[in-house]
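Just so we're on the same page: letters track the sequence lines, and every chain starts at 1.
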2 protein chains.
Amino acid sequence: MQVPLYQAKAELFRMLGHPVRIRVLELLQAGPMPVRDLLGAIEIEPSSLSQQLAVLRRSGIVTATRDGSTVVYALAGVDVAALMQAARRILTGMLAGQAGLLEELREAETSAR
Amino acid sequence: MQVPLYQAKAELFRMLGHPVRIRVLELLQAGPMPVRDLLGAIEIEPSSLSQQLAVLRRSGIVTATRDGSTVVYALAGVDVAALMQAARRILTGMLAGQAGLLEELREAETSAR
DNA sequence: ATATGAATTGCATAGTTCTTCAATTGACCA
DNA sequence: TGGTCAATTGAAGAACTATGCAATTCATAT
């Protein structure tokens with residue numbers, strides 16, 4: 001084995017880099033959930049969802065357990081919330097930055113005329 | 001505009017999903033740094049580094065300023081540390097999970113014979 | 001046994017992202 | 001002006017990822 005940490009991080013982030021996978025992780029934060037409910041909550045074809053669930057499973061961030069004819073997904077006891085929160089903060093920070101830039105541009109515009 | 005939040009997050013994570021980009025962000029946490037030094041710290045061709053820096057710039061997470069003939073990169077006043085820390089925690093959590101699994105497997109093996 | 005519903009897998013196509021090389025820009029000095 | 005070093009850009013091909021359809025598996029009900 002022995003994968004450098006920065007590479008493991010890159011793989012983790014790459015695995016997170018898909019809107020459906022993000023939504024699934026966000027939904028699972030409220031607790032385990034069967035595929036049927038995920039399908040109800042996300043507008044997507046069953047097979048596409050399965051593909052994305054397979055990505056999450058392979059990475060080890062979620063687990064799937066069969067209960068009769070339904071399959072239930074759950075977070076693999078891992079603190080996804082902190083990641084999502086950090087992401088949200090970065091996004092608001094960057095939007096604020098852009099807003100600030102817009103502001104500056106508007107001022108420059110005004111003072112120029 | 002109006003991009004759903006989960007999509008913005010996915011784009012942010014996708015942007016982070018490359019080992020070179022991770023290393024750059026980690027290096028920049030110690031403060032602004034010229035391209036020359038980044039090149040010294042990361043084993044990579046100049047043009048490849050430039051490509052990855054361009055991705056980071058486009059996303060708005062870093063800024064580049066020219067100082068004479070060198071270009072200096074800096075984090076765009078954004079809290080990358082929290083993200084990296086959350087990622088590290090998740091990774092160690094998942095490795096622990098795998099280690100635990102290995103442990104279980106070993107025990108099962110032993111008790112089976 | 002057969003049929004049905006839930007979920008997954010296999011596969012082909014289309015779309016993105018990486019990598020590398022050659023060409024370019026910008027700053028500086030002789 | 002011409003040369004050189006730093007960094008970037010452009011473009012082509014390879015490698016990877018996503019999407020959607022058809023086929024499959026598994027569990028359950030008839």
Side-chain angles (χ1 to χ4, degrees), chain A residues 3-4 6-25 27-28 31-76, chain B residues 3-4 6-25 27-28 31-76:
Chain A
V3 176
Y6 60 82
Q7 192 170 333
K9 279 186 200 163
E11 276 162 31
L12 173 63
F13 287 129
R14 188 141 43 79
M15 177 277 273
L16 293 167
H18 189 291
V20 168
R21 300 197 290 262
I22 294 288
R23 295 209 67 192
V24 168
L25 292 177
L27 288 165
L28 293 184
M33 193 176 266
V35 172
R36 195 167 353 87
D37 293 4
L38 292 171
L39 265 174
I42 309 175
E43 288 274 315
I44 191 180
E45 304 223 359
S47 87
S48 293
L49 179 59
S50 259
Q51 296 284 359
Q52 304 309 328
L53 289 174
V55 173
L56 294 173
R57 251 186 292 127
R58 258 179 259 129
S59 83
I61 206 172
V62 304
T63 60
T65 57
R66 192 156 207 135
D67 175 16
S69 77
T70 85
V71 175
V72 176
Y73 278 82
L75 292 183
Chain B
V3 176
Y6 59 82
Q7 192 169 333
K9 279 186 200 163
E11 275 162 32
L12 174 63
F13 287 129
R14 188 141 43 79
M15 178 277 274
L16 293 167
H18 188 291
V20 169
R21 299 197 289 263
I22 295 287
R23 294 210 67 193
V24 168
L25 292 176
L27 288 166
L28 293 184
M33 193 176 268
V35 173
R36 193 166 357 86
D37 293 3
L38 292 171
L39 266 173
I42 309 174
E43 288 275 315
I44 191 180
E45 304 221 2
S47 85
S48 294
L49 179 58
S50 258
Q51 297 283 1
Q52 304 309 329
L53 289 174
V55 173
L56 294 173
R57 251 185 292 127
R58 259 180 258 129
S59 83
I61 205 172
V62 304
T63 60
T65 57
R66 193 154 206 137
D67 175 14
S69 76
T70 85
V71 175
V72 176
Y73 278 82
L75 292 182

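Rounded to whole Å, the distance from CZ on A:Phe13 to C1' on D:dT17 is 19 Å. Atom CG in A:Leu56 sits roughly 15 Å away from atom C1' in C:dT8 (whole-Å rounding). When the C1' atom of C:dT17 is taken as reference, atom CZ of B:Arg21 falls 8 Å away, rounded to whole Å. Regarding A:Leu16, its CG atom lies at a distance of 14 Å from the P atom of D:dT17, rounded to whole Å. Between B:Ile44 atom CD1 and C:dC18 atom P there is a gap of 11 Å when expressed in whole angstrom units. The CG atom of B:Asp67 sits 11 Å away from the C1' atom of C:dA27 (whole-angstrom rounding).
The shortest non-hydrogen separation linking A:Ala8 to A:Val3 is N-CG1, 4.1 Å. Shown here for B:Tyr73 and B:Val62, the closest heavy-atom pair between the two residues is CD2-CG2, 3.9 Å.
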Please tabulate, for side-chain N and O atoms in residues 16-23 of chain B, each donor-acceptor pair with protein atoms closer than 3.5 Å (sequence neighbours left out).
residue, atom, partner, partner atom, Å
B:His18, ND1, B:Val20, N, 3.1
B:Arg21, NE, B:Met15, O, 2.7
B:Arg21, NH1, B:Gln52, OE1, 2.7
B:Arg21, NH2, B:Arg14, O, 3.4
B:Arg21, NH2, B:Met15, O, 3.4

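For the pair B:Arg57 and A:Gly17, nearest-nucleotide mapping onto DNA chain D gives the more 5' position to B:Arg57. Position along DNA chain C of the nearest nucleotide to A:Arg14 versus A:Ala64 favours A:Ala64 as the more 5'-ward residue.
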What pairs of nitrogen or oxygen atoms, one from the protein and one from nucleotides 1-7 of chain C, lie under 3.5 Å apart?
residue, atom, partner, partner atom, Å
C:dA7, OP1, A:Arg36, N, 3.3
C:dA7, OP2, A:Arg36, N, 3.3

Are any protein N/O atoms closer than 3.5 Å to N/O atoms in nucleotides 19-22 of chain C? If there are, list each pair with its distance.
residue, atom, partner, partner atom, Å
C:dT19, OP2, B:His18, NE2, 3.0
C:dT20, O4, B:Gln51, NE2, 3.3
C:dC21, N4, B:Ser47, OG, 2.9

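Each of A:Val24, A:Leu53, A:Thr70 was compared with A:Val35 under the side-chain contact (heavy atoms from CB on, under 4.5 Å) criterion, and only A:Leu53 meets it.
Taking CG from B:Leu12 and CD1 from B:Ile61, the interatomic distance works out to 6.0 Å, rounded to the nearest 0.5 Å. Between the CG atom in B:Leu39 and the OG atom in B:Ser50 there is a gap of 8.0 Å [rounded to 0.5 Å]. The distance from the CE atom of A:Met33 to the CG atom of A:Leu75 is 10.5 Å, given to the nearest 0.5 Å.
The closest side-chain heavy-atom distance from B:Ile42 to B:Leu27 is below 4.5 Å.
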